[in-house]
Amino acid sequence: AEYMGEIPSAHAKEVTAVAATNNGRRIVSGGGEGHVKIWDITNPNKQSPFFPVFEGTMKEHQGRVTSIIVRKDDKECISTSTDGSCIIWNLTTKTRSAMLQSNTLFYCVQYHPQLFQVITSGSDRKIGYWVATSGSNTPIREIDAAQAGNINGMDIAPNPVGTDGDESVMLNYSFVTCGGDKLVKLWLYNQAVVTHVGVGHSGDISKVRISPDQKYIVSVGMDGSVLRWKFPTNIDSIVDKLEAANISNNE
């Protein structure tokens, strides 16, 4: 990798989260002081090495920012915090669009690929399903995700699973979680059930990602390991069987 530049003293405290827009033109950073900042990384001033151009700060979190996810159209992002809030930010106006609140330390959030919902998790070990367009203190669905530790990371597969093809039914997706129980869990979004569990880390798992081609899952742990897992090839048949049997977790 080639060094291109840096942002010195980007936050008053440590930088705790960062995400790039999908067009590659901006990054969004979060800090220990609770601020969310936007930076232009297109090098408009043609400097070498270049320094990203500061665009603005969004100040509403009262605790450390733990994660940031940018919507695929780059119009908004969501930041999670240890203050018990997830804030949906308008990246054009740099203002809050909505706030989700719960009695937990939020550590991770993901957009549903069709953008009408988001899922969250954190210190309460629950996965919350939320409507993405309005603020709320109550998720529309909540599932117990682990018996110990925090849920530190999650990711949603980009492509739907199952072979039903019925357009009247909401498309199903796989998503993955990880955390203090040292397990990588693969879930079905619609049913909220675990289909596969990965065992291999000896310590807490801090982050997990599904590859863009949906062939692998990569997890990183506090034990210093990076593990690559094969995405299950039988997931479509599992989805079809569950949907035919109308099996789901409706806690």
Side-chain angles (χ1 to χ4, degrees), residues 10-19 27-37 57-71 76-89 96-112 117-132 134-156 175-187 189 192 194 197 201-210 219-223 249 251:
H11 286 264
K13 293 186 177 180
E14 71 275 20
V15 178
T16 55
V18 66
I27 59 172
V28 185
S29 62
E33 77 288 349
H35 295 172
V36 177
K37 298 187 178 185
T57 301
M58 300 177 288
K59 305 177 182 179
E60 291 210 31
H61 284 301
Q62 302 301 309
R64 176 171 55 93
V65 177
T66 52
S67 70
I68 297 171
I69 184 75
V70 178
R71 201 169 76 172
E76 69 179 33
C77 74
I78 306 178
S79 57
T80 63
S81 174
T82 56
D83 65 1
S85 71
C86 294
I87 299 181
I88 302 174
W89 303 98
R96 184 183 76 185
S97 298
M99 179 186 290
L100 313 175
Q101 293 180 295
S102 186
N103 186 26
T104 186
L105 309 180
F106 282 116
Y107 290 133
C108 48
V109 62
Q110 285 290 326
Y111 283 100
H112 185 281
Q117 290 181 359
V118 299
I119 54 174
T120 62
S121 198
S123 62
D124 63 356
R125 302 188 293 275
K126 296 180 182 293
I127 297 171
Y129 288 58
W130 308 77
V131 176
S134 62
S136 174
N137 293 337
T138 306
I140 59 176
R141 190 180 196 181
E142 197 169 61
I143 305 298
D144 289 326
Q147 295 183 350
N150 302 321
I151 302 298
N152 297 325
M154 59 170 50
D155 195 21
I156 296 184
F175 69 94
V176 65
T177 61
C178 68
D181 60 2
K182 308 172 188 177
L183 302 175
V184 175
K185 297 180 181 179
L186 188 68
W187 302 73
Y189 191 96
V194 175
V197 177
H201 286 280
S202 60
D204 290 10
I205 307 173
S206 52
K207 295 295 178 183
V208 65
R209 285 290 181 265
I210 299 173
S219 57
V220 295
M222 296 181 184
D223 56 3
N249 186 346
E251 292 186 22

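Excluded from the calculations below are hydrogen atoms, water molecules and symmetry mates; all remaining heavy atoms, backbone and side chain alike, are included. For the single chain, residues carry numbers from 1 onward in sequence order. These figures come from a predicted structure and were not determined experimentally.
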Exercise for review: Check the pair I140, V131 against side chain to side chain contact (heavy atoms under 4.5 Å, CB included), reporting the backbone distance first and the verdict last.
Suggested key: CA-CA 7 Å; I140 59 176; V131 176; 3.9 Å; yes
**Study point:** Full working for side chain to side chain contact (heavy atoms under 4.5 Å, CB included) between E14 and R64
**Key:** CA-CA 9 Å; E14 71 275 20; R64 176 171 55 93; 4.0 Å; yes
Check your understanding: Q62: what forms a side chain to side chain donor-acceptor pair (under 3.5 Å) with it, not counting sequence neighbours?
Key -> none
**Study point:** Side chains of M154 and I119 in contact at under 4.5 Å (non-hydrogen atoms)
**Key:** yes
Review point. Should H112 and Y189 count as side-chain neighbours, where that means a heavy-atom distance under 4.5 Å?
Key: yes
Revision key, fill the gap. What one should report as the nearest heavy-atom pair of D223 and S202 is OD2-N, 2.8 Å
**Study point:** Residues Y111 and Q117: side-chain donor-acceptor under 3.5 angstrom
**Key:** no
Review point. If every non-hydrogen atom of H11 is compared with every non-hydrogen atom of S29, which pair is closest and at what distance?
Key: NE2-OG, 2.8 Å
Review point. Is the W130 ring parallel, tilted or perpendicular to the F106 ring (thresholds 30°, 60°)?
Key: perpendicular
**Study point:** side chain to side chain contact (heavy atoms under 4.5 Å, CB included) partners for I87, two or more places apart
**Key:** E60, H61, S79, S85, W89, R96, M99
**Study point:** Check ion pair E76-R71 (N to O, under 4.0 angstrom)
**Key:** yes
Exercise for review: Could you grab the distance from atom CG of L100 to atom OG1 of T120, nearest 0.5 Å is fine?
Suggested key: 7.0 Å
Review point. What distance separates I78 CD1 from Q110 CD, expressed to the nearest 0.5 Å?
Key: 9.0 Å
Review point. Can you tell me how far the CG atom of L183 sits from the CG atom of D204, to the nearest 0.5 Å?
Key: 11.0 Å
**Study point:** Nearest atoms (heavy-atom pairs only) where C77 meets V28
**Key:** SG-CG1, 4.2 Å
Review point. Got a sec: does the CD of Q147 have more than 12 other heavy atoms crowding it under 6.0 Å?
Key: no
Revision key, fill the gap. Note: I143 and A192 closest approach over all heavy atoms is CG1-CB, 3.7 Å
Revision key, fill the gap. Residues at least two apart in sequence or cross-chain that pass side chain to side chain donor-acceptor pair (under 3.5 Å) with H201, listed by chain then number, are S219, S225
Exercise for review: Can you see which heavy atom on I151 is nearest to which on C108, and at what distance?
Suggested key: O-SG, 3.9 Å
**Study point:** Any donor-acceptor N/O pair, T80 side chain to V109 backbone, under 3.5 Å
**Key:** no
Check your understanding: Between the main-chain N or O of C178 and the side-chain N or O of K185, is there a donor-acceptor pair closer than 3.5 Å?
Key -> no
Check your understanding: Any sub-3.5 Å donor-acceptor pair from T82's side-chain atoms to G63's backbone N or O?
Key -> no
Exercise for review: Not counting sequence neighbours, which residues clear side chain to side chain contact (heavy atoms under 4.5 Å, CB included) with N150? List them please.
Suggested key: Y107, S123, N152
Study note, to complete from the structure: Interatomic distance, CD1@I88 vs CD1@I69, rounded to 0.5 Å, equals 12.5 Å
Review point. Listed by chain and number, what are the side chain to side chain donor-acceptor pair (under 3.5 Å) partners of D124, not counting sequence neighbours?
Key: T104
Check your understanding: Of the non-hydrogen atoms in W187 and D144, which two are nearest, and what is the gap between them?
Key -> CH2-O, 3.8 Å
Exercise for review: Could you pull out all residues at least two apart from T138 that satisfy side chain to side chain donor-acceptor pair (under 3.5 Å)?
Suggested key: none
Review point. Stepwise, does the side chain to side chain contact (heavy atoms under 4.5 Å, CB included) test hold for I205 with V184?
Key: CA-CA 8 Å; I205 307 173; V184 175; 3.7 Å; yes
